[in-house]
Engineer: 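Pasting a structure here, questions to come.
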Amino acid sequence: MRNSRGTLMRPFGLAESTSSPVVTPLSPSVVYASETPDALDAQYDGRAHGYTYSREGHPNADVVAARLDAMEGAAGGVVTGSGMGAVTAVLMGLLRAGDHVIGGNQLYGRSMRLMGHDLPRLGIATSLADPGDVAAMRAAIRPETRMLLVEVVSNPSLRVADIDGLAALCRESGILLAVDNTFTTPRAIRPFDHGADIVIHSVTKLLAGHADVMLGYAVAREPETAAAIRTFAVTAGLTASPFDCWLAERGLLSFDLRFDRAQATAAALADHLADLPGVARILYPMRPDHPDHARAQTLLRGQGGNMVSFELSGGRAAANAFTRAAEGLSFAPTLGDVATTLSHPASSSHRNLSEQERAALGLSEGFFRVSVGLEDIGALKDIFARAAAAAREAGG
Ligand SMILES: *Cc1c(COP(=O)(O)O)cnc(C)c1O
């Protein structure tokens with residue numbers, strides 16, 4: 001990608017090479033120079049491939065989009081500057097004032113904020129229903145309902161949505177089914193194979209996987225729908241920077257290995273936690289005691305993922321003692337990093353709910369969510385055993 005016209009300022013001193021790099025080069029250029037107005041016409045008309053301005057597209061974004069498209073069995077996805085950029089591009093790129101959208105009742109916090117606050121402010125009506133209950137979703141449908149937005153596995157309760165049932169409902173009702181596949185990833189489920197119309201990711205999490213880049217992705221099965229999402233992302237400035245895309249591509253190269261390793265460790269850790277004194281409840285979709293175990297086995301093809309939630313029998317004092325004693329683990333509200341992280345919904349993601357609302361979701365002061373990383377399972381078991389013992393001493 002050489003500027004064939006050259007300028008007085010740059011590029012300067014670029015040596016031609018007859019060999020090529022094995023790693024995708026980072027292309028931070030914001031603007032791209034064309035040969036002639038005719039050449040620019042050809043680009044804009046789609047007769048020739050070329051970049052113009054990086055908000056509209058650049059090589060690093062295209063490389064990441066192509067990889068994610070392939071993973072989801074899709075085409076024409078757009079990479080956004082964050083997962084929320086992708087959620088926003090889908091909702092605002094496709095809906096109009098007067099429309100109604102139904103969300104899963106345990107969506108990611110900021111998605112919930114969009115549903116509860118921003119969409120209604122713009123004249124788009126919203127309501128929430130349980131994505132594991134197709135009858136409840138059906139009852140929430142109105143004549144003006146255009147879209148259903150759900151996550152496959154809910155945070156932090158790890159309930160599994162009835163994606164097949166929802167897809168059938170959406171098909172018969174002429175409604176778009178948008179699936180946020182962040183927790184599950186295409187390793188566990190490809191929503192398009194189950195009848196979804198739109199797939200959304202926070203690439204920030206497992207896909208990029210190193211807690212050093214924010215990125216999102218959205219794609220639709222229908223090319224016109226995908227184009228509408230992309231156009232809004234470009235217009236609203238939601239698209240991603242070259243460096244973030246470059247980092248994310250590097251993360252994607254090891255994604256399958258990281259996912260499989262973290263998942264195997266999560267399954268073993270879940271069983272270990274279940275046996276620890278002071279642990280009152282354990283939630284992992286692949287355990288037979290999980291309320292959606294049967295659905296997880298078929299829908300997720302046995303892939304339980306890397307997230308484990310559990311409840312200590314003590315209150316806040318036990319929770320404080322637990323994180324203090326869990327030396328080596330970050331107490332940080334993120335997920336999908338190479339390092340195992342602990343989050344405590346009552347003091348973070350769900351702090352704005354009342355105690356009764358939290359209780360209805362089963363989120364006591366002793367409730368923790370673990371994003372299992374790549375550490376040695378033996379070391380993790382020791383840390384959790386020590387932390388659970390400290391929690392019990394403090395009032396478990
Ligand atoms: C984190 C997350 C998002 C938002 O992604 P960001 O990259 O943080 O903007 C959306 N959905 C789910 C399920 C998430 O976990």
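In this text, all values refer to a predicted model and were calculated from it rather than measured experimentally. Just so you know, ligand 1 is whichever comes first in the structure, and atom 1 is the first atom listed for that ligand.
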Engineer: Is the distance between the ring centroids of Phe384 and Phe368 under 6.0 Å?
Structural biologist: no
Engineer: Flag yes if Val78 and Val213 sit in one hydrophobic cluster, no otherwise; membership is Ile, Leu, Val, Met, Phe, Trp, Tyr, and two members link when side-chain heavy atoms are under 4.5 Å apart.
Structural biologist: no
Engineer: How far is atom 8 (O) of ligand 1 from its nearest protein heavy atom, and which residue and atom name does that atom have?
Structural biologist: Met214 CE, 3.4 Å
Engineer: I need the nearest protein heavy-atom contact for atom 2 (C) of ligand 1: residue, atom name and distance, please.
Structural biologist: Lys205 NZ, 2.5 Å
Engineer: Indicate whether the side chain of Glu311 and that of Ser364 have a donor and an acceptor atom separated by less than 3.5 Å.
Structural biologist: yes
Engineer: Check Thr80, Val87, Thr88, Leu91 against Ile200 for a side chain to side chain contact (heavy atoms under 4.5 Å, CB included) and give me the one that passes.
Structural biologist: Val87
Engineer: What's the shortest distance from atom 5 (O) of ligand 1 to any protein heavy atom, and which residue and atom give it?
Structural biologist: Ser202 OG, 2.9 Å
Engineer: Could you check atom 4 (C) of ligand 1 against the protein and tell me its nearest heavy-atom contact, residue, atom and distance included?
Structural biologist: Tyr108 CE2, 3.4 Å
Engineer: Less than 4.5 Å apart, side chain to side chain, heavy atoms only: is that true for Thr182 and Glu151?
Structural biologist: no
Engineer: Under 4.0 Å from any heavy atom of Glu151, which atoms of ligand 1 are there?
Structural biologist: 13 (C)
Engineer: What protein heavy atom sits nearest atom 7 (O) of ligand 1, and how far off is it?
Structural biologist: Thr204 OG1, 2.6 Å
Engineer: Would you say Gly83 and ligand 1 have an N/O pair spaced under 3.5 Å apart?
Structural biologist: yes
Engineer: Looking at ligand 1, is there an atom of it that comes within less than 4.0 Å of some heavy atom belonging to Asp180?
Structural biologist: yes
Engineer: Identify the protein heavy atom lying closest to atom 9 (O) of ligand 1, giving its residue, its atom name and the separation to 0.1 Å.
Structural biologist: Met84 N, 2.9 Å
Engineer: Should Leu342 and Tyr284 be counted in the same cluster of Ile, Leu, Val, Met, Phe, Trp and Tyr side chains packed under 4.5 Å apart?
Structural biologist: yes
Engineer: Flag yes if Phe259 and Ile377 sit in one hydrophobic cluster, no otherwise; membership is Ile, Leu, Val, Met, Phe, Trp, Tyr, and two members link when side-chain heavy atoms are under 4.5 Å apart.
Structural biologist: no
